Amino acid sequence: MLINALKLALQQIRRNVMRSFLTTLGIIIGVAAVITMVALGNGATAQVTAQVSSLGTNLMMVNRGQGFGPRRDRVSAPAFELADVTAIANEIAGIKAIAPVSSGSVTLINGNTSWSSTVRGSDNQYLLAGNWTLAEGRNFSDDELADGSSMCIVGQTVVKELFSGESPLNQKMRIAGNNCVVIGVLKGKGQTSFGQDQDDIVIVPMMNYQRRLAGSRDVHQIYISLEDGVDTDHVEQRLTTLLRLRRNVAASESDNFNIFNTTELAETLTSTTQTMTGLLGAVAGVSLLVGGIGIMNIMLVSVTERTREIGIRLAIGALEHEVLLQFLVEAVVLSSLGGLIGILLALGLSWSLALLMSMPFIFDVSISVAAFVFSAAVGVIFGYVPARRAAQLNPIEALRHE
Amino acid sequence: MNRADTLIRFDGVTKSYGSGSAQFQALKGVDFEVAEGEFVSLMGPSGSGKSTVMNILGCLDVLTSGEYFFRGVPVSQLDRNQRALLRRNHIGFVFQGFNLLARTSAMENVELPLVYRGLGRRERNRLSMAALAKVGLEKWAHHHPSELSGGQQQRVAIARALVTTPSILLADEPTGNLDSERSEEIMQLMSQLNREQNLTILMVTHEPEMAEYSQRIIHFVDGLVDPARSRQTGSAGAQYAD
């Protein structure tokens with residue numbers, strides 16, 4: 001009987017292809033929207049996670065000032081010293097790499113090409129903490145670091161802009177008027193999710209930066225990379241205590257430095273994108289609901305339109321539940337077909353959108369199944385009222401219906 | 001008066017619509033019997049109750065009081081589903097307006113009652129072709145109603161009514177929408193079915209010429225059978241012998 005109802009439903013849909021399509025359009029759009037939103041959300045989450053981990057996993061950045069506050073706050077807070085770095089390295093366990101970082105904007109010159117970039121004074125630990133690898137060349141030697149030699153390691157953007165893509169190894173360039181020999185080239189990392197070019201970078205030994213470029217012994221930032229499995233919160237607490245002590249922060253004052261944690265950042269960003277995904281999915285879900293109401297609407301019209309047919313079927317001896325089933329199956333078949341088309345549409349849509357937004361394409365099968373089941377359920381729920389109305393028609397009146 | 005071959009018996013059947021002062025009594029106590037194999041016409045002016053009788057006969061409507069026996073079964077005690085099953089298994093309908101499904105071939109129309117009986121496709125095809133052959137339309141099996149003449153459409157409807165080999169054929173003004181030539185065709189077909197297949201037929205009609213094809217006329221006036229004008233016609237009955 002179910003197979004019969006199914007055949008009848010398909011027959012009916014074939015007879016009214018255009019109307020069936022328009023009826024189910026709401027479901028198609030709803031399902032496609034839900035799946036596409038979730039796929040894009042998942043892609044965004046994956047992208048953010050990948051980008052944060054490219055900053056360095058388990059990376060802590062200690063800055064002066066109180067976080068993302070006004071700029072004067074940052075300036076008025078005292079800078080760090082190299083001694084702070086040594087103290088942290090000695091007193092806190094679980095640190096894989098720790099690097100002092102000072103940076104400034106400079107103009108780089110090679111021959112008659114110039115390029116504005118950021119130069120960072122640091123040491124080899126910086127590469128480890130920042131998850132950098134060398135494409136060619138070498139790290140600084142201990143002597144070079146101790147002497148503050150005029151050597152530098154450059155990023156891909158600098159290679160492209162200043163050396164027109166050719167290997168700059170052992171070539172000289174000028175950093176804010178000082179000569180410097182390129183000894184290493186970093187592998188590219190691309191942009192951060194905030195659109196920052198991570199490859200636009202020049203690293204010189206800390207000593208070199210302090211003496212030649214900054215003229216001060218200030219350390220602007222401390223990069224700390226933790227061993228795997230180390231409790232980040234615990235380290236952060238100890239770090240805070242140590243730095244407050246070293247920087248003579250009174251108990252009544254708040255920290256004059258802040259610790260930025262990529263694990264935390266990853267969590268925050270992931271939960272943000274997930275919230276966005278959920279929100280968009282919910283909005284798309286509403287359109288599914290609206291699609292369901294569209295199905296109910298058309299099924300009610302269909303029942304009215306086919307009153308005579310229902311009368312004939314009842315006169316011929318169709319039982320109430322058989323007519324009910326026929327219309328219910330029709331609604332379910334319509335909405336399920338809509339669901340299927342929606343899934344296919346979502347596949348194409350999320351794939352091309354992911355391509356367009358250069359995001360990873362992640363297709364969530366479970367959400368597709370859920371959307372499909374939901375669309376079928378929409379058919380049952382919104383098909384029931386019209387189907388019941390059809391089944392309970394008075395055959396005499398139905399037959400008289402014009 | 002209770003014969004063994006009585007198919008239908010109306011026993012003081014009344015039917016009223018509405019309630020209170022708006023109440024309207026369509027039937028005021030109708031008694032009649034139809035034996036197996038009879039071809040009976042129901043006649044009478046509009047509002048005389050013949051259509052109401054037809055609806056009650058076809059289990060499409062329920063009576064208010066009295067009793068309607070179908071092969072001795074009191075129909076008023078059946079529920080909606082049981083009445084539907086009675087229609088499915090024992091009653092064939094032919095309507096004035098044909099009532100075929102549009103955009104559906106003649107064969108599919110004829111097959112419709114068999115679908116509800118749960119027959120397989122092959123069996124359905126065989127039976128519906130046989131029924132179409134009985135009404136002489138086997139060549140039109142795959143045409144849609146819109147491609148058929150009124151007479152042909154009514155013959156498809158008769159094939160649909162016959163395909164389940166019902167106990168009785170109820171025809172509500174079967175020639176009402178047809179010209180006289182097609183009407184004659186349909187009446188000849190019905191009386192032939194009555195004679196050759198021993199099919200019991202009850203027909204509502206306005207037209208005396210059509211009623212002459214049946215063997216007996218039951219005349220209604222004001223919700224009652226008018227015995228004075230109910231009579232036997234000259235037509236030869238199938239197996240009916242009084």
Side-chain angles (χ1 to χ4, degrees), chain A residues 1-21 23 298 301-330 333 387-402, chain B residues 15 17 26 51-52 54-62 79-105 108-121 124 144-145 156-157 160-164 166 170-173:
Chain A
M1 200 167 70
L2 200 64
I3 293 171
N4 261 331
L6 210 65
K7 278 185 192 157
L8 268 174
L10 287 174
Q11 204 178 40
Q12 195 60 38
I13 290 166
R14 263 206 306 277
R15 269 183 209 144
N16 291 300
V17 176
M18 189 61 185
R19 193 178 70 181
S20 303
F21 175 72
T23 304
I298 291 293
V301 169
S302 174
V303 167
T304 313
E305 208 181 70
R306 287 156 67 193
T307 299
R308 223 170 138 84
E309 176 198 327
I310 295 161
I312 296 168
R313 290 181 185 277
L314 288 170
I316 275 168
L319 300 180
E320 213 171 296
H321 73 258
E322 287 168 334
V323 175
L324 182 92
L325 193 72
Q326 183 194 335
F327 278 82
L328 206 54
V329 165
E330 201 175 310
V333 166
R388 209 177 60 131
R389 174 179 286 193
Q392 290 181 344
L393 279 177
N394 178 341
I396 301 171
E397 276 163 27
L399 281 170
R400 256 189 233 134
H401 190 92
E402 286 304 325
Chain B
K15 174 70 186 177
Y17 296 103
S51 284
T52 308
M54 206 59 167
N55 287 337
I56 293 173
L57 273 170
C59 299
L60 294 173
D61 206 352
V62 286
D79 64 22
R80 191 174 151 115
N81 267 345
Q82 287 170 319
R83 279 185 274 124
L85 286 172
L86 185 62
R87 287 200 292 275
R88 176 188 295 186
N89 295 321
H90 296 286
I91 300 173
F93 282 98
V94 175
F95 305 94
Q96 177 177 359
F98 320 139
N99 278 335
L100 299 176
L101 297 188
R103 284 171 291 175
T104 306
S105 74
E108 284 174 302
N109 264 293
V110 174
E111 274 182 12
L112 200 60
L114 301 176
V115 170
Y116 289 107
R117 284 196 170 187
L119 294 187
R121 170 171 287 271
R124 290 207 304 265
H144 287 189
V156 172
R160 181 180 64 191
L162 294 180
V163 76
T164 56
L170 298 179
D172 193 354
E173 309 226 23

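None of these values were measured; they are calculated from a predicted model. In what follows, every chain begins at residue 1, and chains take the letters A, B, ... in the order their sequences are listed.
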> Using a cut-off of under 4.5 Å for heavy-atom pairs, which of A:Gln392, A:Lys7, A:Arg306 has the most such pairs with chain B?
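Heavy-atom pair counts peak at A:Gln392.
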> If you count heavy atoms of other groups shown closer than 6.0 angstrom to CZ of A:Arg19, is the number above 12?
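More than 12 heavy atoms, drawn from other residues, nucleotides or ligands, come within 6.0 Å of this atom.
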> At a 4.5 Å cut-off on heavy atoms, which part of B:Arg83 comes close to chain A: side chain, backbone, both, or neither?
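Neither part.
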> Considering non-hydrogen atoms only, spot the tightest contact between A:Ala318 and B:Ala84 and give its length.
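Smallest interatomic distance, heavy atoms only, reads O-CB, 3.9 Å.
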> Does any heavy atom of chain A fall under 4.5 Å from the side chain of B:Leu100, the backbone, both, or neither of them?
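Just the backbone, heavy atoms under 4.5 Å.
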> Please state whether the side chain, the backbone, both or neither of B:Gln96 comes within less than 4.5 Å of a heavy atom of chain A.
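Neither part, no heavy atoms under 4.5 Å.
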> A:Phe21: which residues meet the side-chain contact (heavy atoms from CB on, under 4.5 Å) condition with it, sequence neighbours left out?
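For A:Phe21, the residues satisfying side-chain contact (heavy atoms from CB on, under 4.5 Å) (neighbours in sequence not counted) are A:Leu25, A:Ile28.
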> Atom OH of B:Tyr116 and atom CD1 of A:Ile316: how far apart are they, to the nearest 0.5 Å?
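Between atom OH of B:Tyr116 and atom CD1 of A:Ile316 there are 8.0 Å.
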> In terms of heavy-atom contacts, does CZ of A:Arg389 have more than 12 from other residues, nucleotides or ligands at under 6.0 Å?
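Open: at most 12 neighbouring heavy atoms sit under 6.0 Å from CZ of A:Arg389.
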> What's the separation between atom CG in B:Leu60 and atom CD in A:Glu397, rounded to the nearest 0.5 Å?
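These two atoms lie 11.5 Å from each other.
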> Does a salt bridge link A:Glu322 with B:Arg88, judged by any charged N lying under 4.0 Å from a carboxylate O?
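Yes, charged N to carboxylate O under 4.0 Å.
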> Relative to chain B, which segment of A:Leu319 carries a heavy atom at a distance below 4.5 Å: side chain, backbone, both, or neither?
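Both backbone and side chain.
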> Kindly check if the number of other-residue, nucleotide or ligand heavy atoms within 6.0 Å of CZ (B:Arg80) is above 12?
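Enclosed: over 12 neighbouring heavy atoms sit under 6.0 Å from CZ of B:Arg80.
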> What are the two closest non-hydrogen atoms of A:Ala315 and B:Phe95, and how far apart are they?
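Taking A:Ala315 first and B:Phe95 second, the nearest heavy atoms are CB-CZ, 4.0 Å.
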> Nearest 0.5 angstrom please: A:Leu314 CG to B:Cys59 SG, how far?
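SG of B:Cys59 is found 13.0 Å from CG of A:Leu314.
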> Check each atom of A:Arg15 against the heavy atoms of chain B and say whether the ones under 4.5 Å are side chain, backbone, both or neither.
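When you check distances to chain B, atoms from both the backbone and side chain of A:Arg15 fall under 4.5 Å.
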> Between A:Ala391 and chain B, which part of the residue has a heavy atom less than 4.5 Å away: side chain, backbone, both or neither?
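For A:Ala391, backbone heavy atoms alone lie under 4.5 Å from chain B.
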> Give, for atom CD1 of A:Ile312 and atom CG of B:Asn109, the distance between the pair rounded to the nearest 0.5 Å.
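So the gap between those two atoms works out to 7.5 Å.
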> Find the distance between CG (B:Asn81) and CD (A:Glu320) and round it off to the nearest 0.5 Å.
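The distance works out to 6.0 Å.
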> Nearest 0.5 Å, what's the CD-OG1 distance between A:Gln12 and B:Thr104?
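Result: 8.0 Å between the selected atoms.
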